[in-house]
Amino acid sequence: MKIGVDVRCLMEKQYSGISEYTYNLLKALFKIDQENQYFLFYNSSKPVKMPEFDSPRVFYKAFNYPNKLFNLSLRFLKIAEIDKLVGGVDVFLIPSFLFSNLSKDCRKILIVHDLSFELYPEFFTFKKQLWHHLIEPRRITNTADSIIAISENTKQDVVKIYQTPPEKIDVIYNGISDMFFEPITDNDISRVKKKYDLPDEYIFSLGNLEPRKNVESLLKAFNLLENKSIQLVIAGGQAWKYQKIYQIWQKSAKKNQIKFIGYVDAKDRAALYHLAKVFVYPSIYEGFGLPPIEAMACGTPVISSFTSSLVESVNDAGLLIDPQNYNELAKTIDQYLADSRLQEILKTKGLEYAKQFNWANTAKAVLAVLNREKK
């Protein structure tokens, strides 16, 4: 079978979220699938560096049309059909909401990560809101032959908001890289500590700087901690509407105990988790939430939100709080830091719970959907 995949997200210089998901999924798929051929589509009028996949059954199909005109032809003119551009495929995998147009003969499989733009439009810039409006996610969802939702919470959102038949949706959890389960070497610890000038004891948080990640509440909670010695390290690239985060930081009485280290490579994340006293992830909404599971796999206990899919991704292996209540967050962090027995219990539970999330399992489940006959 010939399988097409839209890999335009892999043109990003720094992978996070959907691009990281797509890269890891494809890497695992190509490792287990010894039969199907994959045709990876992308379009860019400028030179881009794409990842190399070690498989004789994988072929890039690159085009260099002016992007705005190309998207216009996909969305409104319906001139280009991507499956035919790549030479004709039996099924086409769309890893997120994108400008897309496929022929009627091609089976379409859409991966839905979250509907945050529907539920919390105020978290997005006008430009982002307009982009989602033009793409028409509802139309893409309802014209797909099959949908993969990355959590039960995302599935329920799609059913409720778009009135999509639930039997059309498969829930397939994300995986995490094997490297998070591997022992951290002394060299990695020394290198990462030096690279980011890390304190001896710190609370760690990771995620793009944007309103949905709720870094503002974390900063307010940190200011209220009874524990005066612990420091806070925040990793993540600047996404959108992040200015208020820095304004709160500048006014904080503990400004000198808070460190922003920006975007971090995957190879550094394991050591950053491992060295942290606790990982705090007070996001308001997530389609799944990989960082808490990565932290647990590294042996670092998690404090996260009792909202959206985070109830699934953390379960009872971590502490869950109301992300809108920074007083509750501060009390929970203090209680955790003061209770060594709780720390050991959560470390053990987290390590065991994280084992079920691996890319091999995710790839096997996605491959089953790809191989499914069109109804």
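For reference, positions follow the sequence shown, starting with 1.
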Checklist entry - Can you list the residues that meet the ring-ring contact (aromatic ring centres under 6.0 Å, His included) rule with H274, with sequence neighbours excluded? => result none

Checklist entry - With distance as the sole test, does K168 use its side chain to make a donor-acceptor pair with the main-chain N or O of N142 at under 3.5 Å? => result yes

Checklist entry - What distance do Q250 atom CD and I245 atom CD1 have between them, rounded to the nearest 0.5 Å? => result 13.0 Å

Checklist entry - For the hydrophobic clusters of this structure (ILVMFWY residues joined by side-chain heavy atoms under 4.5 Å, transitively), does one cluster hold both F279 and L337? => result no

Checklist entry - Mind checking what makes ring-ring contact (aromatic ring centres under 6.0 Å, His included) contact with H133, not counting sequence neighbours? => result none

Next on the checklist: Main chain of I284, side chain of T307: is a donor-acceptor contact present, judged purely on distance under 3.5 Å?
Outcome noted: yes

Next on the checklist: Using modelled atom types and a 3.5 Å cut-off, is there a donor and acceptor pairing between side-chain atoms of K241 and backbone atoms of F124?
Outcome noted: yes

Going by atom type alone, with no hydrogens or angles, which donor-acceptor pairs under 3.5 Å involve a side-chain atom of residues 290-297 and a protein atom two or more places apart or on another chain?
{"unit_1": "E294", "atom_1": "OE1", "unit_2": "R269", "atom_2": "NE", "d": "3.3"}
{"unit_1": "E294", "atom_1": "OE1", "unit_2": "Y273", "atom_2": "OH", "d": "2.6"}
{"unit_1": "E294", "atom_1": "OE2", "unit_2": "R269", "atom_2": "NH2", "d": "2.9"}

Next on the checklist: Rounded at 0.5 Å granularity, tell me how far OG in S44 sits from OH in Y65.
Outcome noted: 13.5 Å

Checklist entry - Excluding sequence neighbours, so at least two apart, what forms salt bridge (Lys or Arg N to Asp or Glu O under 4.0 Å) with K349? => result D316

Item to check | Steps toward side chain to side chain donor-acceptor pair (under 3.5 Å) verdict (Q247, Q243) | outcome: CA-CA 6 Å; Q247 290 171 4; Q243 291 81 3; over 6 Å; no

Checklist entry - Is the NZ atom of K347 crowded by more than 12 outside heavy atoms at less than 6.0 Å? => result no

Checklist entry - Pairs in or reaching into residues 1-12: which pass salt bridge (charged side-chain N to carboxylate O under 4.0 Å, His left out), with residues at least two apart or in two chains? => result D6-R8

Checklist outcome for this item: K195 meets the side chain to side chain donor-acceptor pair (under 3.5 Å) criterion, sequence neighbours left out, with D268

Item to check | Minimum heavy-atom distance P137-Y162, with the two atoms named | outcome: CB-OH, 3.3 Å

Item to check | Side-chain donor-acceptor contact under 3.5 Å, S229 with N227 | outcome: yes

Item to check | Other residues, nucleotides, ligands: >12 heavy atoms within 6.0 Å of F63 CZ | outcome: yes

Checklist entry - Is there a donor in the side chain of S252 and an acceptor in the side chain of N223, or the other way round, less than 3.5 Å apart? => result yes

Checklist entry - For atom CD of Q129, is the number of surrounding heavy atoms from other residues, nucleotides or ligands below 6.0 Å larger than 12? => result yes

Next on the checklist: Suppose we call two aromatic rings close when their centres sit under 6.0 Å apart. Are F123 and Y285 close by that rule?
Outcome noted: no

Item to check | Y21 ring center near H113 ring center (under 6.0 Å) | outcome: yes

Checklist entry - For K277, does its backbone N or O pair with a side-chain atom of Y336 as donor and acceptor, under 3.5 Å? => result yes

Next on the checklist: Main chain of N214, side chain of S217: is a donor-acceptor contact present, judged purely on distance under 3.5 Å?
Outcome noted: no

Checklist entry - Do L85 and K61 come close enough that some side-chain heavy atom pair is under 4.5 Å? => result no

Next on the checklist: What's the separation between atom CD1 in I321 and atom OG in S305, rounded to the nearest 0.5 Å?
Outcome noted: 4.5 Å

Next on the checklist: Check for me whether the distance between the ring centres of Y23 and W359 falls short of 6.0 Å.
Outcome noted: no

Next on the checklist: Using a 4.5 Å cut-off between side-chain heavy atoms of Ile, Leu, Val, Met, Phe, Trp and Tyr, which other residues end up in the same hydrophobic cluster as L224?
Outcome noted: Y326

Next on the checklist: As a quick check of understanding, evaluate side chain to side chain contact (heavy atoms under 4.5 Å, CB included) for L329 and V280, giving each step before the final call.
Outcome noted: CA-CA 9 Å; L329 176 56; V280 181; 3.9 Å; yes

Checklist entry - Under 3.5 Å, is there a donor-acceptor pair linking the side chains of S103 and D83? => result yes

Checklist entry - Looking only at side chains, do D170 and S146 share a donor and an acceptor under 3.5 Å apart? => result no

Item to check | Polar contact flag, side-chain donor to acceptor under 3.5 angstrom, N371-N36 | outcome: yes

Checklist entry - On the ring face of W249, is K255 found with NZ or CZ under 6.0 Å from the centre and within 45° of the axis? => result yes

Checklist entry - Can you list every salt bridge (charged side-chain N to carboxylate O under 4.0 Å, His left out) pair that touches residues 32-58, not counting sequence neighbours? => result none

Checklist entry - What's the spacing between E286 CD and S309 OG if we round to 0.5 Å? => result 6.0 Å

Next on the checklist: Taking ring-ring contact (aromatic ring centres under 6.0 Å, His included) as the definition, give me every residue that meets it alongside F288, ordered by chain and number, with sequence neighbours left out.
Outcome noted: Y173, F357

Checklist outcome for this item: With sequence neighbours left out, the residues meeting ring-ring contact (aromatic ring centres under 6.0 Å, His included) with F39 are F59

Next on the checklist: Quick check with a 6.0 Å cut-off and a 45 degree axis cone: is K259 positioned over the face of Y202's six-membered ring?
Outcome noted: no

Next on the checklist: Heavy-atom count check: over 12 atoms from other residues, nucleotides or ligands less than 6.0 Å from K160 NZ?
Outcome noted: no

Checklist entry - Counting only heavy atoms not in K27, do more than 12 fall under 6.0 Å of its NZ? => result no

Checklist entry - Going through the distances and angles, do D322 and E328 end up as a side chain to side chain contact (heavy atoms under 4.5 Å, CB included)? => result CA-CA 7 Å; D322 176 1; E328 179 187 345; 3.4 Å; yes

Checklist entry - What pairs with K267 under salt bridge (Lys or Arg N to Asp or Glu O under 4.0 Å), at least two apart in sequence or on another chain? => result D265

Checklist entry - Are any of the side-chain nitrogens in E226 or K331 under 4.0 Å away from the carboxylate oxygens of its partner? => result no

Checklist entry - In terms of hydrophobic clustering (I, L, V, M, F, W, Y; side-chain heavy atoms under 4.5 Å; direct or indirect links), are I150 and L98 co-clustered? => result no

Checklist entry - Which residues pass the salt bridge (Lys or Arg N to Asp or Glu O under 4.0 Å) test with E136, sequence neighbours left out? => result R75, R139

Next on the checklist: If only side-chain N and O atoms count, and only distance matters, is there a donor-acceptor pair under 3.5 Å linking T154 with S151?
Outcome noted: yes

Item to check | Criterion side chain to side chain contact (heavy atoms under 4.5 Å, CB included) on I140 and I135, from CA distance to verdict | outcome: CA-CA 8 Å; I140 297 173; I135 279 183; 3.3 Å; yes

